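I have placed the structure first, in the form of structure tokens, so that the comments after it can refer back to it.
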Amino acid sequence: MNSSLHLTFTALWCVVVVLGGLPFSSDAQLDPSFYKDTCPNVHSLVRDVIRNVSKTDPRILASLIRLHFHDCFVQGCDASILLNDTSTIVSEQGAFPNNNSIRGLDVVNRIKTAVENACPNIVSCADILALAAQISSVLAQGPNWKVPLGRRDSLTANQSLANQNLPGPSFNLTRLKSAFAAQGLNTTDLVALSGAHTIGRGQCKFFVDRLYNFSSTNNPDPTLNTTYLQTLQAICPNGGPGTTLTNLDLTTPDTFDSAYYSNLKIQKGLFQSDQELFSTSGADTIDIVNSFNDNQTLFFANFKASMIKMGNINVLTGSQGEIRQQCNFINGNSVDLATTVTRESSEDGIVSSY
Ligand SMILES: *[C@@H]1O[C@H](CO)[C@@H](O)[C@H](O)[C@H]1NC(C)=O
Ligand SMILES: *[C@@H]1O[C@H](CO)[C@@H](O)[C@H](O)[C@H]1NC(C)=O
Ligand SMILES: *[C@@H]1O[C@H](CO)[C@@H](O)[C@H](O)[C@H]1NC(C)=O
Ligand SMILES: *[C@@H]1O[C@H](CO)[C@@H](O)[C@H](O)[C@H]1NC(C)=O
Ligand SMILES: *[C@@H]1O[C@H](CO)[C@@H](O)[C@H](O)[C@H]1NC(C)=O
Ligand SMILES: *[C@@H]1O[C@H](CO)[C@@H](O)[C@H](O)[C@H]1NC(C)=O
Ligand SMILES: *[C@@H]1O[C@H](CO)[C@@H](O)[C@H](O)[C@H]1NC(C)=O
Ligand SMILES: *[C@@H]1O[C@H](CO)[C@@H](O)[C@H](O)[C@H]1NC(C)=O
Ligand SMILES: *[C@@H]1O[C@H](CO)[C@@H](O)[C@H](O)[C@H]1NC(C)=O
């Protein structure tokens, strides 16, 4: 019969379309076992370097999580943030949210060297950033998850997009939500990912307006606990150095836990962008803060899911982009690698917010 023949062809055609579509799909799936055969020890290679550095620099764990976040929000998780200024690249490192505040570039280069020694030309810098974020969470006693892998590195960077896309410490809830929504991240993701501020440090210049002259009112931010206000005013005098550091979580500064949310509930969030989640009247974020405060397991489950979701933003896969040999330069546009090694071992001079 003609009609049954037609059905068979239709069914076959569907199979061909489905199978044929997969390898060319632009949102090809990342896979936690991507390096199973080509670099089976990649996770422990990354972990060993970070664990080592964190013994003398506990702040590095927050710095590495932030590096992945600041990578993903700008043309996707493609290690574009790692590209240095060259004749063809205007580095994202010079964008306002990054300049004098990102840290860990030297640590990423040390990781890359360790990984290249074991498995040359296999592991992308973008995957190193994603692994470093998960490992940092675990080393700070936070949530653990299997990191989907297989990202490739960009051939471009975009400083103006970094200025446009990265949320700032003085953002109100409306702007926070829209910055996250622009990356496909919803309100639950916003509240969960903000919980990364359970570790790390912030520079005075990012919140000093809240202490003396909030929104040009000549008064402190009314959503700042008065005890905490006095503490912070002592750390950050009006007109003092903007680079002085203080803990983002005043209770357990280096432990990844739900104290970030209990701090918000007593008006002890450091940045305006933190406190907005709880102090914006009528906001849908309040219930989420309460639920993460009440149940750390719930916070951890949401944090994992949101980190994986963020790690999927606009990834390059398959034959897109490249595997960079040196994370600060696209291939063929590199400097003498010997110079790089010398610089790596020197002290990181970047003054930092985290
Ligand atoms: C760890 O640090 C020590 C000294 O700081 C150094 O000798 C060692 O090579 C480091 N190991 C790794 C894996 O970075
Ligand atoms: C980054 O900050 C330094 C001061 O530390 C400044 O000289 C430089 O111009 C800034 N870069 C950009 C791109 O604004
Ligand atoms: C940066 O991103 C903006 C906005 O998407 C785009 O218009 C611009 O062409 C990009 N610049 C570079 C150098 O890729
Ligand atoms: C949030 O900030 C934006 C930009 O500064 C401003 O236009 C808007 O009115 C603010 N929204 C609220 C609810 O304060
Ligand atoms: C946010 O997205 C996640 C899935 O990624 C979903 O489970 C959750 O319900 C969403 N939350 C809101 C408030 O839409
Ligand atoms: C507060 O900020 C406004 C606007 O920038 C400024 O005019 C005013 O002098 C500031 N007040 C104080 C006490 O610094
Ligand atoms: C301010 O912090 C104290 C504890 O230091 C707390 O008892 C009080 O409730 C907080 N105030 C507000 C308005 O949350
Ligand atoms: C806390 O959240 C977890 C994960 O969603 C859930 O399984 C557990 O039942 C919750 N615990 C309480 C006491 O509600
Ligand atoms: C890349 O630039 C950073 C400053 O943003 C610098 O610390 C680092 O040494 C540079 N890397 C190389 C390999 O030149």
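Counting starts at 1 for both ligands and their atoms, following the listed order. It should be emphasised that the depicted structure is a prediction, and the values quoted were computed from it without experimental measurement.
There is no side-chain donor-acceptor pair under 3.5 Å between Asn172 and Gln272. Between the side chains of Asn328 and Asn109, at least one donor N or O sits under 3.5 Å from an acceptor N or O. Counted by atom type alone, Ser91 and Asp85 present zero donor-acceptor pairs between their side chains at under 3.5 Å.
Of the protein's non-hydrogen atoms, the one nearest atom 12 (C) of ligand 5 is Asn186 ND2, 3.3 Å. At the top of the distance list for atom 11 (N) of ligand 7, counting protein heavy atoms only, stands Asn225 ND2, 2.8 Å. The single protein non-hydrogen atom nearest to atom 9 (O) of ligand 7 is Ile266 CG2, 4.4 Å, given as residue, atom name and distance. Nearest protein heavy-atom contact of atom 4 (C) of ligand 5 is Lys309 NZ, 3.6 Å. Regarding atom 5 (O) of ligand 6, its nearest protein heavy-atom neighbour is Ser216 OG, 3.9 Å. Nearest protein heavy-atom neighbour of atom 13 (C) of ligand 7: Gln267 OE1, 3.4 Å.
Taking all atoms of both residues into account, the shortest heavy-atom contact from Ile266 to Asn225 is O-ND2, 2.9 Å.
The N/O atoms of Asn213, backbone and side chain alike, include one that comes under 3.5 Å of an N/O atom in ligand 6. Polar contact check, Lys268 against ligand 7: a nitrogen or oxygen pair lies under 3.5 Å apart.
With ligand atoms numbered from 1 in the order given, ligand 5 contributes 11 (N), 12 (C), 13 (C) to contacts under 4.0 Å with heavy atoms of Thr188.
Counting protein heavy atoms under 4.0 angstrom from atom 7 (O) of ligand 7 gives zero.
Distance check: Ser80 OG to Ile330 CD1 gives 12.5 Å after rounding to the nearest 0.5 Å.
Within a 6.0 Å radius of NZ in Lys36, other residues, nucleotides and ligands contribute 12 heavy atoms or fewer.
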- Message: If you apply the rule ring-ring contact (aromatic ring centres under 6.0 Å, His included), what do you find for Phe303 with Phe256, and how did you get there?
- Response: CA-CA 11 Å; Phe303 186 78; Phe256 200 112; 4.9 Å; yes
